There are 2 protein chains.
Amino acid sequence: MTYTIKQAAEKMNVTAHTLRYYDKEGLLPFVSRDKSGNRVFTEGDLEWLGLISCLKHTGMPIKQIGTYIQWCAAGESSIGARRQMLIEHREAILRQLEELNHNLEAINRKIQYYNKLVGVKAVDEAVDPQPVAAE
Amino acid sequence: MTYTIKQAAEKMNVTAHTLRYYDKEGLLPFVSRDKSGNRVFTEGDLEWLGLISCLKHTGMPIKQIGTYIQWCAAGESSIGARRQMLIEHREAILRQLEELNHNLEAINRKIQYYNKLVGVKAVDEAVDPQPVAAE
DNA sequence: CCTTGACTTAGAGTCAACTCTAAGGTTTAG
DNA sequence: CTAAACCTTAGAGTTGACTCTAAGTCAAGG
């Protein structure tokens, strides 16, 4: 079974415009065309889209995703480089997670502080209450 | 002890340009000026900057941070609204964390797959190895 | 045959968040 | 006294990632 650009876009939770933009940026070299020039997405292509979505949502810039995809298209000789890029990207994700958790704690403390002011009885999972900044 | 815009920017890991931009967007109503019109940052101001940084790094748009800060400046009557905003923001952070962890697992599987191809002996903490997409 | 609706392209427009420039003011060191 | 090194403003320019428009092609239904 294959998909039109609209159907593929729906499955990926983006617009057809966005998929065309990705194609223009070199992210979709694997997508083929039918006799009248329209893009045809296969199940395998949707897996590629899933990978792109994964990299995008972890903060990799479109250009770098393009580089990665081009490396994939270039074949086995690029496996070392691809592996290295993903390892560095994993480091970036771990730093994001750390920062996000740290900031979440600060927000939690602030909410706790507001809960006290407003007189709410321990509704949320609390950390020890100390405001991040004055006010 | 007080700080110039450059020193405050350094402490916050942004440029002085960025702090002026934040001021223009209404994020720094608390910062006062010296007799010749230059911004003077107090220790308390740096705490505010810390809060702004926290909200920014968890994905809150500048405009919304502006709204929050204006609410703070408006006094006690806005405590309920501020609390509500932070509670909703916490939900957004938790969703981000969930997605980030999910995508991290996919990246880990892909790295494991490359490790096998490249013949590396279990260097990293592995999840069960399955590639995200073909190739 | 003709309209409807999906697709195509090149290229322009939008938005957030900076990032920088120009032109000028003030304070300190030589 | 003046040059360096800060600061100020208004406003223009950049970047990344879309987002949309215009003009056109193509296949199916009435």
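All figures in this text were calculated on a predicted structure; none of them were measured in a lab. Chain A is the first sequence line, chain B the second, and so forth, proteins listed ahead of strands; every chain is numbered from 1.
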(request) Kindly indicate, with the supporting measurements, whether the criterion side-chain hydrogen bond (donor to acceptor under 3.5 Å, both in side chains) is fulfilled by B:Asn38 and B:Arg33. (result) CA-CA 5 Å; B:Asn38 293 359; B:Arg33 306 296 183 108; over 6 Å; no
(message) Is the terminal nitrogen or CZ of A:Lys110 (NZ for Lys, CZ for Arg) located under 6.0 angstrom from the six-membered ring centre of A:Tyr114 and within 45° of that ring's axis?
(response) yes
(request) Measure from CD1 on B:Ile5 to P on C:dC18 and round the result to the nearest Å. (result) 14 Å
(request) Please report, rounded to the nearest Å, how far the P atom of D:dT9 is from the CG atom of B:Leu28. (result) 11 Å
(message) Under 4.0 Å, heavy atoms only, any strand: does A:Lys24 hit a base, just the sugar-phosphate, or nothing?
(response) base
(message) What is the distance, to the nearest angstrom, from the CG atom on B:Leu27 to the C1' atom on C:dC18?
(response) 13 Å
(request) Pick out which of B:Leu49, B:Leu27, B:Ile65 makes a side-chain contact (heavy atoms from CB on, under 4.5 Å) with B:Tyr22. (result) B:Leu27
(message) Does a side-chain N or O of B:Lys35 approach OP1 or OP2 of C:dT27 to a distance below 4.0 Å, or not?
(response) yes
(message) Using whole Å, what does the distance between atom C1' of nucleotide D:dT9 and atom CG of B:Asn38 come to?
(response) 12 Å
(request) With a 4.0 Å heavy-atom cut-off, tell me which residues in residues 9-19 of chain A come close to DNA chain D, sorted by residue number. (result) A:His17, A:Thr18
(request) Give the rounded distance in Å between these two atoms: CG of A:Asp34 and P of C:dC7. (result) 11 Å
(message) Using whole Å, what does the distance between atom P of nucleotide C:dT21 and atom CZ of B:Arg20 come to?
(response) 14 Å
(message) Please tell me if A:Tyr22 has a side-chain N or O lying less than 4.0 Å from either OP1 or OP2 of D:dA17.
(response) no
(request) Measure the distance from CD on B:Glu25 to P on D:dA10 and round it to the nearest whole Å. (result) 13 Å
(message) In this structure, would B:Phe30 and B:Val40 fall into the same cluster of hydrophobic residues linked by side-chain contacts under 4.5 Å?
(response) no
(request) Spell out, as yes or no, whether a donor-acceptor pair under 3.5 Å connects the side chain of B:Glu25 to the backbone of B:Gly66. (result) no
(request) May I have the distance from A:Phe41 (atom CZ) to C:dA6 (atom C1'), rounded to whole angstrom? (result) 14 Å
(message) Looking at B:Lys6, I'd like to know whether one of its side-chain N or O atoms comes within less than 4.0 Å of OP1 or OP2 on D:dC7.
(response) no
(message) Does a side-chain N or O of B:Tyr21 approach OP1 or OP2 of C:dA16 to a distance below 4.0 Å, or not?
(response) no
(message) Using a 3.5 Å distance criterion without hydrogens, assess whether the side chain of A:Glu99 forms a donor-acceptor pair with backbone atoms of B:His57.
(response) no
(request) Ignoring backbone atoms, test whether A:Arg33 places a side-chain nitrogen or oxygen under 4.0 Å from the OP1 or OP2 oxygen of C:dT9. (result) yes
(message) Is there a side-chain contact between A:Thr4 and the phosphate of C:dA6, meaning an N or O under 4.0 Å from OP1 or OP2?
(response) no
(message) For the backbone of B:Leu19 and the side chain of B:Asp23, can you confirm whether one donor and one acceptor N or O come within less than 3.5 Å of each other?
(response) no
(message) Measuring to OP1 and OP2 of D:dC7, would you say a side-chain N or O of B:Arg39 lies under 4.0 angstrom away?
(response) no
